[in-house]
Amino acid sequence: MKIGILTFHNSDNYGSVLQAYGLKTYVKKSFPNDECEIINYVAPHQNDLYALYLKNNSIKNIVKNIRAFLFSKLLKDRIKEFNEFRKSFLEIKKERIESSSILRDYLKKFDVIICGSDQIWNPLSLDFSEEYFVPGFGGIKIAYAPSFGNGKEKDLEKINRSAVEKALKEFDAVSVREESGKNIIKALGYKKETELVLDPTLLLNDGEWDELIDLKDGKESYIFFYSINYNPEAIAMVQRISDVLGLKVKIMFSTNKTYGALRKGFELIHKTSPVDFLEMVKNAKLVLSNSFHGVAFSTIFRKEFFALEVNKNGKMYKDERIHNLLENFNIEERIIRMKDIDSIDWKQLQKVNYKEEIINKEIRNSQEYLINQLQNENKR
């Protein structure tokens, strides 16, 4: 059986490449006699989205390019580290596929295509492409945990909805990562049952992730603050918590929004690889994050953590992915807002009450879902 995985593996984003690694590793472990490959498809705009320098076509972009120049060594190292991770751990060998026609021709070599995970089905994503629904593919199509992010049904009007509906009907099995995603799938006319499963990073246990990282003795205590957007309110929350605990805050570069956090005196780690990200979570005293994968890896490593929920555009922003994960694990009390800070006993860190039986059941259900779908293909 030849299995292809179509996902956002080429994003210079820690969660994106690590979920791709998690899915490929679990499939290869479960089906060692079959072939499994991450298809090196790069969606339109993805190159621009992660380019070192933007086009100098606005004052805003010029300012961003000046900042990028000042941090050029760090940013170039980051690009290099991501490329090396993809080559070594994702085993990406084939040249990039950037056109739909070449992609569709290349897909003919596979018996099964797994679409997912990450936000490949989010119509609001700048690197969205209808190719992530593999229209017209003649083999078995399985969706494993693709996310619509916080996209809504109305946002589908921004894309070719009829083409997406047609491609979706061709799927043999569909699972998603959030409850809201199930509702969108239903609205798109998919008649079969849509399952709710975990992000691929959670298919592997902490020991399997430990194989990638350098385990330290934990002598250095720090807060690891990980964010994609470094929302000002989230920054203020982290500052407050840092002052109470007397712990320094370390951050990693994620996007241009990182510069805003640097002005607050947080320590920027000049380590940039996905493996470095894992080490920062693993070795932290406390993890604070409003990123889904910052929260997900906190649970994998059973860390003390809080998911920060903040105002965005004048109203409280609810990340469906974080809420669904922590509700499934029955630890939704780890989601906090600014108003909660004074009521928390920070000296005790309110240790996370990880409910192992519940967590392990959720993980087994997701693992069994994926295995069952691929075993069904073997029977076909």
Side-chain angles (χ1 to χ4, degrees), residues 3-11 16 19-20 23 38-39 41-46 49 97-200 292 319-321 324 366 369-370 372-374 376-377 380:
I3 305 167
I5 296 174
L6 199 59
T7 189
F8 278 169
H9 72 285
N10 200 61
S11 303
S16 294
Q19 63 81 25
L23 182 55
I38 294 178
I39 300 161
Y41 172 62
V42 181
H45 309 302
Q46 200 167 76
L49 193 59
I97 300 172
E98 298 189 357
S99 80
S100 296
S101 60
I102 294 175
L103 172 66
R104 295 185 187 191
D105 186 61
Y106 187 72
L107 293 180
K108 294 175 183 178
K109 66 178 280 190
F110 297 99
D111 302 303
V112 183
I113 298 296
I114 303 175
C115 299
S117 176
D118 217 359
Q119 297 186 55
I120 60 169
W121 286 1
N122 183 356
L124 301 177
S125 174
L126 293 176
D127 38 4
F128 172 85
S129 169
E130 288 157 19
E131 297 304 327
Y132 290 110
F133 290 87
V134 283
F137 176 66
I140 302 299
K141 292 166 59 169
I142 299 170
Y144 183 81
S147 172
F148 289 89
N150 269 40
K152 308 296 182 187
E153 183 186 351
K154 62 181 177 62
D155 299 316
L156 296 168
E157 305 304 329
K158 301 175 182 178
I159 62 176
N160 188 339
R161 178 165 177 160
S162 61
V164 167
E165 289 179 349
K166 181 180 178 181
L168 189 60
K169 287 181 174 67
E170 299 168 354
F171 274 84
D172 296 86
V174 173
S175 63
V176 292
R177 211 166 62 183
E178 306 91 29
E179 193 68 40
S180 58
K182 291 178 68 173
N183 297 330
I184 296 175
I185 292 295
K186 185 177 181 180
L188 287 170
Y190 187 72
K191 301 300 183 184
K192 299 178 184 178
E193 182 69 22
T194 301
E195 299 291 336
L196 195 66
V197 295
L198 298 175
D199 183 80
F292 172 80
D319 190 311
E320 296 285 349
R321 300 168 300 161
N324 272 263
S366 294
Y369 172 85
L370 182 57
N372 288 340
Q373 297 308 321
L374 292 172
N376 287 340
E377 161 52 19
R380 294 182 184 101

- prompt: Any donor and acceptor pair, going by atom type alone, linking the side chain of S16 with main-chain N or O of S11 inside 3.5 Å?
  reply: no

query: Is there a donor-acceptor contact under 3.5 Å from the side chain of D319 to the main chain of R321?
result: yes

message: In the structure I gave you, are the side-chain heavy atoms of C115 and P146 within less than 4.5 Å of one another anywhere?
response: no

message: Given 3.5 Å as the limit, does a donor-acceptor pair link the side chain of K191 with the main chain of K169, or not?
response: no

- line: P135 and R104 have their tightest heavy-atom pair at CG-NH2, 3.2 Å

query: With a 4.0 Å cut-off, would you call E320 and R177 a salt bridge?
result: no

field: Evaluation steps, side-chain contact (heavy atoms from CB on, under 4.5 Å), between I114 and L370
entry: CA-CA 10 Å; I114 303 175; L370 182 57; 4.3 Å; yes

task: Identify the two heavy atoms, one from Q373 and one from A173, that lie closest to each other, and give their separation to 0.1 Å.
output: OE1-CB, 3.2 Å

message: For a 4.5 angstrom cut-off between non-hydrogen side-chain atoms, does E130 reach I159?
response: yes

- request: Evaluate side-chain contact (heavy atoms from CB on, under 4.5 Å) for I184 paired with V176, printing each intermediate quantity in order.
  value: CA-CA 10 Å; I184 296 175; V176 292; over 6 Å; no

- request: Verify whether the ring centers belonging to F137 and F110 lie closer than 6.0 Å.
  value: no

message: Is there a side chain to side chain donor-acceptor pair (under 3.5 Å) between D127 and S129? Walk through the geometry before answering.
response: CA-CA 6 Å; D127 38 4; S129 169; over 6 Å; no

- prompt: So does K186 have more than 12 non-hydrogen atoms from other groups sitting under 6.0 Å from NZ?
  reply: no

- request: Report yes if some heavy atom in the side chain of V112 is under 4.5 Å from a heavy atom in the side chain of I142; otherwise report no.
  value: yes

message: Keeping E170 on the side-chain end and G136 on the backbone end, is there a donor-acceptor pair under 3.5 Å?
response: yes

query: So, the side chain of D155 versus the backbone of K152: is there a donor-acceptor pair under 3.5 Å, distance only?
result: yes

- prompt: Does any non-hydrogen side-chain atom of L168 lie less than 4.5 Å from one of W121?
  reply: yes

field: Pairwise side-chain contact, K192 with F171, heavy-atom cut-off 4.5 Å (strictly under)
entry: no

query: Below 4.5 Å, heavy atoms only, C-beta onward: do S117 and S147 meet side chain to side chain?
result: no

V164 and L156, any side-chain heavy atoms less than 4.5 Å apart: no

- request: Kindly give the heavy-atom pair with the smallest separation between Y132 and T7, and that separation in Å.
  value: CE2-O, 3.8 Å

